[in-house]
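Below is one structure, written out as structure tokens, with a few remarks after it.
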Amino acid sequence: MQNIRALFLGLAGIAAITAVVVLTASITLAFAAMLTVFTAVRALTLRHKPVPVRAKTSGAKNPAQAKDMRVWNDGRGTIIDL
């Protein structure tokens with residue numbers, strides 16, 4: 001009877017230790033997954049301030065027709081001012 005009781009207590013102890021290990025591993029994986037998702041979302045949603053890109057044309061072939069044409073990008077699309 002003593003051996004059977006010791007066997008059951010030993011199995012209960014091993015089961016308890018296994019349950020704690022599984023619980024700890026699952027919590028660790030859940031936190032790692034949340035950290036990965038948060039990091040990915042933050043990296044994808046970071047926006048840099050749009051910087052206008054200014055450019056000037058060299059002019060038309062005829063210097064009398066050459067106008068000051070401005071081309072720039074305001075971050076929403078290219079703007080050409082004739």
Side-chain angles (χ1 to χ4, degrees):
M1 191 69 176
Q2 200 67 315
N3 288 337
I4 294 174
R5 187 180 309 157
L7 178 67
F8 282 130
L9 284 176
L11 289 176
I14 290 173
I17 290 173
T18 304
V20 169
V21 167
V22 168
L23 179 67
T24 304
S26 64
I27 290 174
T28 302
L29 286 176
F31 279 127
M34 287 175 20
L35 181 63
T36 302
V37 168
F38 291 152
T39 304
V41 167
R42 183 172 178 187
L44 292 175
T45 58
L46 282 179
R47 294 187 183 173
H48 301 290
K49 289 185 178 180
V51 178
V53 178
R54 307 221 184 269
K56 287 196 153 212
T57 61
S58 61
K61 291 182 180 180
N62 185 356
Q65 294 177 348
K67 293 182 182 178
D68 186 26
M69 182 170 79
R70 296 180 297 156
V71 179
W72 69 91
N73 187 347
D74 65 350
R76 293 176 292 190
T78 302
I79 299 171
I80 302 172
D81 187 13
L82 299 175

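With values rounded to the nearest 0.5 angstrom, L9 atom CG is found 11.5 Å from I14 atom CD1.
Members clustered with V41: V37, by chain and number, using a 4.5 Å side-chain heavy-atom cutoff among hydrophobic residues. The hydrophobic cluster containing F8, built from Ile/Leu/Val/Met/Phe/Trp/Tyr side-chain heavy atoms closer than 4.5 Å, also comprises I4. Annotation for I27: hydrophobic cluster partners, listed by chain and number, are L23, F31, M34, F38 (ILVMFWY side-chain heavy atoms under 4.5 Å, direct or chained).
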